[in-house]
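In this text the structure is predicted, and so the values were computed from the model without any measurement. As a basis for the values below, the full set of heavy atoms in this structure was taken, side chains included, without hydrogen atoms, waters or symmetry mates.
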Amino acid sequence: MAAISAGQHDCAGGVGAKGVGIMARKIDNMFAASRFVLPEQRELYLQLKEDEKLISMPTIEQDEFESFHYILQDAQQGNYAVTLTWWRHKKNNLGTTCMMWGKVEWIELNTRRVKLLTDEDVQWIPMDSIIDVKG
């Protein structure tokens, strides 16, 4: 049966207009449909909601990569902080974007990664996954 929003009528269902609206609201909220939800069901529901937020890796042109590399080298030599945004793989070809502000401590060209240093954390970021650099 198709979900019916409040205010619409479904004569074939045998439920009054008021009943259909209540039923549709309960279907929209999985946890309202039943008082008891197993932990596995709740975790699966939350995982599905997280999966809806995943994105594919943005396409970055070669000139943008070169610009990022120039800004990173300048930040390392000038000893100033940058904001890096990178894409992190989660599942299949989907992932999330991460953002971190800090000082470029080291650029390792052999393994193509950047060491970003903040007051609380050190993060090695793969250069191939960087999607934005702000100086």
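- Between Trp87 and Pro58, the shortest heavy-atom contact is CD1-CD, 4.1 Å.
- Environment of CG in Asn93: sparse, with no more than 12 heavy atoms of neighbouring residues, nucleotides or ligands closer than 6.0 Å.
- Tyr45 OH to Glu50 CD: the interatomic distance, rounded to the nearest 0.5 Å, is 11.5 Å.
- Atom CH2 of Trp101 is surrounded by 12 or fewer heavy atoms from other residues, nucleotides or ligands within 6.0 Å.
- Tested against Thr118, the residues Met100, Glu105, Lys103 include a single side-chain contact (heavy atoms from CB on, under 4.5 Å) partner, Met100.
- Here the OG1 atom belonging to Thr97 is positioned 5.5 Å from the CD1 atom belonging to Ile131, to the nearest 0.5 angstrom.
- In this structure, Ala75 and Val104 approach most closely via the heavy-atom pair CB-CG2, 4.0 Å.
- Annotation: the span from Thr111 atom OG1 to Met127 atom CE amounts to 9.5 Å, rounded to 0.5 Å.
- In the hydrophobic cluster analysis, where Ile, Leu, Val, Met, Phe, Trp and Tyr join through side-chain heavy atoms closer than 4.5 angstrom, Ile71 is grouped apart from Trp106.
- Looking at every heavy atom in both residues, Leu72 comes nearest to Ile130 through CD1-CD1, 4.1 Å.
- Note: the hydrophobic cluster containing Leu117 does not contain Ile107 (ILVMFWY, side chain heavy atoms under 4.5 Å, direct or indirect links).
- Residues Trp86 and Met99 share a closest heavy-atom pair of CZ3-C, 4.1 Å.
- In this structure, Ile60 is a member of the same hydrophobic cluster as Met57, with clusters built from ILVMFWY side-chain heavy atoms closer than 4.5 Å.
- The heavy-atom pair separating Gln123 from Asp121 by the smallest distance is OE1-OD2, 3.9 Å.
- Follow the hydrophobic side-chain contacts under 4.5 Å out from Val82 and you reach Leu109 in the same cluster.
- Within a 6.0 Å sphere centred on CD of Glu108, other residues, nucleotides and ligands contribute more than 12 heavy atoms.
- Closest approach of Tyr80 to Asp74, counting heavy atoms only: OH-OD2, 2.8 Å.
- Between the CD atom of Glu52 and the CD atom of Gln47 there is a distance of 11.0 Å, given to the nearest 0.5 Å.
- With rounding to the nearest 0.5 angstrom, the CG atom of Asp51 is 9.0 Å from the CG atom of Asn92.
- One finds the OG1 atom of Thr96 at 7.0 Å from the CG atom of Leu54 (value rounded to the nearest 0.5 Å).
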